[in-house]
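So that we are looking at the same thing, I have put the structure below in structure tokens.
Just so you know, these numbers use all the heavy atoms, side chains as well, and skip hydrogens, waters and symmetry mates. Counting begins at 1 with the first residue of the sequence. Every number for a ligand or one of its atoms is a count from 1 in the order of the listing.
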Amino acid sequence: MPYRGRFAPSPTGSLHLGSAVTALFAAAAARRAGGAIVCRVEDLDPPRTIPGSETEQLEDLTWLGLRFDEGPVSGGPAGPYRQSERHGLYEAALDLLARGGHTYLCDCSRAEIARVASAPHEGEEGPRYPGTCAKLGMEPRAFKRPPAVRLRVPDGPVSVIDSVEGLVVADVAQAVGDFVLRRGDGVYAYQLAVVVDDLAMGITEVVRGDDLRSSAPRQALLARLLGAEPPRYLHVPLLVGADGARLAKRSQSSTVSGQRALGRSPADLLGALARAYGQTLRGEGDPAADLAETFDPRRFPRGPVPVPAFLQTEAA
Ligand code: GLU
């Protein structure tokens with residue numbers, strides 16, 4: 001199968017340096033394999049989507065010199081490339097799972113259900129669902145509130161191919177239990193949408209932040225229940241502040257547009273970030289093609305990567 005990678009930003013604010021480095025690595029991995037890279041905008045949750053953020057993020061990616069073979073602007077054969085325009089595919093997948101007896105309706109009230117349309121980043125996962133509604137199936141009943149749809153997670157090991165670690169086995173039933181595929185208000189869950197899209201777009205390797213590592217077994221399981229083999233996964237260690245804490249979202253130095261305003265050049269910015277991950281950019285031409293020559297994720301540091309000190313100060 002020809003290599004197809006993707007970068008899947010959520011238009012919920014400015015493009016973060018951690019997202020920029022992930023985009024660089026996803027594009028370099030695709031170039032190295034002689035494949036294609038797709039940009040998919042994950043605007044699944046209307047209230048979290050910030051108007052203008054998609055345009056700003058795409059402009060930042062262009063400023064960095066990162067190009068996509070397919071995406072919301074250039075289009076392509078696997079479009080549309082915005083999740084808000086792909087609901088029919090999610091509905092069809094949900095129908096398929098329901099026909100296979102893999103889903104049930106759940107009217108338990110849990111704060112977790114509200115959050116499921118967004119990718120669960122570090123510390124955002126709720127507790128394991130105890131399966132209260134599991135026996136009740138998809139039949140309409142007197143619901144306390146519009147019901148969510150949950151996946152009936154089978155017991156047993158789920159295997160994932162990690163591009164660095166090789167075969168990894170996890171137990172989704174133990175770790176998270178039956179997870180939500182669609183909220184009661186009709187909004188599709190990140191876990192469902194991302195799997196449907198990765199399969200429909202023919203993605204062969206997912207390159208993304210390490211905080212989504214724990215989502216990979218759920219996604220591999222869903223892919224197989226939908227009758228397909230999941231892609232393999234490469235998780236990029238998180239970029240953190242010098243103190244090891246998450247990069248402050250509001251700090252100017254933690255976004256691409258902020259770095260640009262501080263006078264940094266794309267080559268300096270990507271060069272410093274790549275170095276922090278054990279990678280080398282010569283700083284000439286297309287950064288993804290440049291990095292593709294030497295890109296080796298086995299040289300990623302183990303664990304979080306402190307943002308290079310000079311990116312935290314104003315450019316000279
Ligand atoms: N849209 C997600 C985010 O920006 C990424 C999801 C993924 O790569 O699977 O956090």
Looking at Glu85 and Arg40, is there a salt bridge between them, counting it only when a charged N and a carboxylate O are closer than 4.0 Å?
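Looking at Glu85 together with Arg40, the answer is no, because their closest N to O distance does not fall below 4.0 Å.
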Can you pull out every side chain to side chain donor-acceptor pair (under 3.5 Å) where at least one residue sits in residues 208-217? Sequence neighbours excluded, please.
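Qualifying pairs, neighbours excluded: His121-Asp211, Asp162-Arg213, Tyr190-Arg208, Gln191-Ser215, Arg208-Gln219, Arg208-His235, Asp210-Arg213.
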Looking only at the side chains, is there a donor atom on one of Asp43 and Thr49 sitting less than 3.5 Å from an acceptor on the other?
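Their side chains do not contain a donor-acceptor pair, so the 3.5 Å distance test is not met.
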Decide, yes or no, whether a salt bridge links Arg218 with Glu125 under the criterion of side-chain N to carboxylate O below 4.0 Å.
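Looking at Arg218 and Glu125, the cut-off is met.
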Determine whether the aromatic ring centres of residues Phe179 and Tyr129 are separated by less than 6.0 angstrom.
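Between Tyr129 and Phe179, the centre distance exceeds or equals 6.0 Å.
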Run through ligand 1 for me and note each protein residue having a heavy atom under 4.0 Å from it, chain first, then residue number.
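Lining ligand 1 at under 4.0 Å, by heavy atoms, one finds Arg6, Ala8, Ser10, Glu42, Ala119, His121, Tyr190, Val194, Arg208, Leu212.
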Ignoring hydrogens and angles, tell me if any N or O in the side chain of Asp107 forms a donor-acceptor pair with the backbone of Lys144 under 3.5 Å.
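Present.
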